[in-house]
*Asks:* 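Got a structure for you, written out below as structure tokens; questions coming shortly.
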Amino acid sequence: MGLHGAGKSTFIGALWHILESKEIPSTLMMEAEPDNREYLNELREAWLEFRIPGRTSTQLFKPLEFQIKETGKDEVFTFTFPDLSGEMYESQFEHRKLSPEYLKSATTCCGILVFINPDGVRAPNLIVDVDNIDKAFSNFFGQLQQQAEKEKKGAPDAQKFEETDENKLSTLFKEIKWQHKYSQSQVKLIDILQMIIPLINKPCKVAFIISAWDVIIKANKQQLRQVTPAIWLAEQVPLLHQFITSNADIFSYEVFGVSAQGGSYDKKAVEELYKVNLPSDRVVVQHNDEVGKDITLPIKWLLNE
Amino acid sequence: MPTCNEVGCEVVTKGVCLNHFEDLKSCSHYSSEGEVASRQEDANIIDDENATDANPNDGGLKVHTGLSLLEEEINAISKDDYTRLIILAGMPEAGKTTALLCLMHQFQTQSNYRNYLFAGSKTLVDLEEKAWPSRTDSKNESAKTVRTNDMVPKFIHLKLAKQQQLEKKENLLFTDVSGELFKTLKDSTSESKKFVLANRADHFALFFDAGALSDPSQKFAARIAGLGILKSLTDVGVLLPKTRIQIVFSRWDLFESKSDKDRHRAFIETIQKEIHDKYSTKYSLSFHIIASRPYKSTLPFAFGIDELFDIWISKSQLDFNRELLEVIPQEEKNARHFLQYTFSK
Amino acid sequence: MITALAELYRAAAIQLFTEEMLGKREKTITNIIAKKKQEWFLDCVRMYLQKPVEDTTFPADFVKTFQEDDALFESDGNQMEQRTLAAAIISEFLKKKREKNDDRTVIALAVITGKFSIPHSSIVNFTLVEQAHAFLQQEAKNKRNTKELRSISVADFPSFVQTAGDITKIDAFLKDFSDKFQAFVKKIEVNDLTLKRKVFVLEEESDIHWWLFRRQSTLLNSHLSAIDADIAPLAIAWELWSLTRISPAPANYLEFIKNAFTNIVDADNTTPSVAEAINATYSSDLFTENKQLFSDLGDYNNLTPLLFALRKAAESGGDDGWTAAFKYTTKSEPDATFSRIDLATQMYLELLLVKSPLE
């Protein structure tokens, strides 16, 4: 589950590679190769080639499925991605309808992966906050102006900053009418989860995957305070965090930070990624304070009782 | 033909928008011919969807709309869990919806609000749509709340859980209704009698626009209007003594920006006194000043909302917060001593 | 009933229900009260107090019973409505005396004991608790009131007027005398029972008075002041329970408990938690020596939380693991604190519930 751009495709590409290649030891394994592996291989290829999978692929809108199991155990689990594009979830939020296939998945699932991309989180930034910042800036520049005038004693070429309609940034933009897609990310995710509450077996395990986690790790290195995935969820999407916490009878959850890419694919940054010995070495997975490379960790948590 | 569904707007006949939009397309109530046709197409599509739902082969499931709830939908909420009904009353643009949006914003941006966690809502879509004009993404020049149109009572839903007792959930239902309705109630006894929803209200929050009360050209009319709403509903008996009444002086930032505040404050205090003298013996009253979304003011965002929320979440028509009295029966004089024995230490 | 039902339903409805719908509920409730057994009503009490029910089929049966008269009654997503209806059922049950096996006292006591440690603000339709309390008060009075003695007088008997040789008259006289004599005997018998009842009631009073006057615990064979504060709740509750001959408890039982506690040293100094009180009680000689007695008591499970806790403490051998089962089953917090008087009062009422005095 996850909105558009949440990192699901990259995750799948990396996961498919690691499960299929058995590059790193893992207790998870493929039960059998899926019949139709074309799109899985497409995603895997994109990941291996350090590029983002094409968004025009119609395969994005088809459900993806493969069977996995834990080593030494008989039980087989079906890993399902109903819609990699995220459009299905956007559509659910807008049109308030669940497809028959999705209904079937929801009623039979034993766990959910929810992807969130920190870059894609739409937050409720208020105009009054900007106004207050504007006011603070105006005050600040006003004081600077007074200071300058004192020093220059009203020099004729002193220019005063006045906020006019011409230089007001907001007048450059036309008011945008609301559409469902402009809703906050956390609100959409909450509503999507609310929709399936009557359908799922309770309590249902939810693994939140904060994608592009390498960015947060980098930021952590420059700060005294270390942000774990759980802290990120609580601070950046507080409404979602409250929802999942207060409904402990319906959902049990854990939060994982995952960077399947390992870093940015920008020209300069990608050079660092080229240096890895194995493709799986670039994966970063953090759970609480532990940082590792096992991309199957969230799935293992979902599968274990 | 273009249309406008804003009550009282004469843009179609006179070309002037009630909300003062110069570009009529910016007004969410206005529809040009092309838009009307397109909405009708959309309506047809929705109708087709409904037809699809009726098709047993489809198998899909329609979920809650996310929009404000209708009266016939609210019992589904109250049947399941403890529910408090809060009527937000007042003349148009008194700040009712803004207060509600501001409360929701507190949950959206903090780890908890007043030791309560957000536990769900059936009306998230409506809340997002209402909040949109106040967000930077809307590219509005200034924060706005679109006037509520609905004369038919609808409801915004919030489900909350106490932080220390997560299993205990409480629903809050806020009326989402136009100030025009309260104007009608103020002016009509028969309409007031029909407002039976008030019987079950746990809270009746009557909003007075403090900006209007501190404007010499508006203050007397604003006072009469607010008092009129209260009088109307109490006189016909739809507002019961079990309902707690909050008198809310909203948009306090506008009051603070006025000069000659003492005179305005004195006027507001006469309103307080009048309400207290007339209603405090029968109703539980409290007075509040709030500034939900102060504009260029020293007042913080959501000023005064916390006090209101504390009352809304903790008090109810159904509360029995007194201690159970261990009743020692008042026996008749000739009753047996054993039965009326109250031991002294 | 409909008016009362409409009032109770305010907890579960914002928009008023129709009279037709309330009528359906009323019909179902009337049938329930006529047909269902005590255990069903006890589970109703549990549902009202949001405690786990004993009979796992109860929730489905509850729904099915209402669906018989209203096919639209939901089976899920209407927990508040179900609690409201449970309250309505108990309320109606308490109002009408049953001809056979009037167990209203048991149900009313179960409401009072079951609500232990639940904040009043969490109990919807609290009027039911008040009704249960009022019922017990009135029933306590009724059970202890004795009838007036029937008057007996010589004037009741016909006098024999001697007349010459009229057999018919003599025969009639003898029959009349016989009837009157039988009635006289009946009155004597009734008066005998009345007086015995009166003595029984007075003996209960005098036993309790004597216990309080002497300040002596028969149970522990010591002065009340020698009883340790930690076991005082059980000791005093148990003593009063053993002296109580009639259920419900005397109307001012709380005063008796308070008076007894005036003798206990340091009773008011601390407010122990349920866990502390139970652990202290469990490890006391008083409990250890009378374990069998406690295990023989009736089991109302989560409607008698303190006795349940004692039982669990005994099963776990004094290990604190019992607190988890206590919390889950009774929905009460083992860390919740109470005064010793409150604990004693609760214990006393629970004992009365699980083992009604043999009258």
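Reckoned from all heavy atoms, side chains included, excluding hydrogens, waters and symmetry mates. Numbered from 1 within each chain, the chains take letters A, B, ... in sequence-line order.
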*Asks:* Using non-hydrogen atoms only, which part of B:I77 is less than 4.5 Å away from chain C: side chain, backbone, both, or neither?
*Replies:*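 No part of it gets close to chain C.
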*Asks:* Throw together a table of side-chain donor-acceptor distances under 3.5 angstrom for residues 8-15 of chain C, partners on residues two or more places apart or in other chains.
*Replies:*
from, atom 1, to, atom 2, distance (Å)
C:Y9, OH, C:R25, NE, 2.9
C:Y9, OH, C:E81, OE2, 2.6
C:R10, NH2, B:N199, O, 3.2
C:R10, NH2, B:Q317, OE1, 2.7

*Asks:* With a 4.5 angstrom heavy-atom cut-off, could you sort out which part of C:Q138 is near chain B: side chain, backbone, both or neither?
*Replies:*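 Neither part, no heavy atoms under 4.5 Å.
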*Asks:* Within the supplied structure, the quantity of interest is the number of heavy atoms (other residues, nucleotides, ligands) at a distance under 6.0 Å from C:E20 CD; does it exceed 12?
*Replies:*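 12 or below, so no.
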*Asks:* Using non-hydrogen atoms only, which part of B:A76 is less than 4.5 Å away from chain C: side chain, backbone, both, or neither?
*Replies:*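 The backbone, not the side chain.
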*Asks:* Take atom CZ of C:R215 as the centre, draw a 6.0 Å sphere, and report whether it contains more than 12 heavy atoms from other residues, nucleotides or ligands.
*Replies:*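 Atom CZ in C:R215 is not crowded, with 12 or fewer foreign heavy atoms closer than 6.0 Å.
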*Asks:* The criterion is side chain to side chain donor-acceptor pair (under 3.5 Å); which residues satisfy it with C:T113, sequence neighbours excluded?
*Replies:*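 For C:T113 there are no side chain to side chain donor-acceptor pair (under 3.5 Å) partners, ignoring immediate neighbours.
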*Asks:* Could you state the interatomic distance from NZ (B:K169) to CD (C:Q79), rounded to the nearest 0.5 Å?
*Replies:*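 Answer rounded to 0.5 Å: 12.5 Å.
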*Asks:* For the pair C:E7 and B:K242, find out whether any cationic side-chain nitrogen is under 4.0 Å from an anionic carboxylate oxygen.
*Replies:*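 Yes.
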*Asks:* Would you say B:K162 has more than 12 foreign heavy atoms packed within less than 6.0 Å of its NZ?
*Replies:*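 Atom NZ in B:K162 is not crowded, with 12 or fewer foreign heavy atoms closer than 6.0 Å.
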*Asks:* Given side chains that start at C-beta, do those of C:M80 and B:S78 come closer than 4.5 Å, heavy atoms only?
*Replies:*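 No - every pair of side-chain heavy atoms lies 4.5 Å or more apart.
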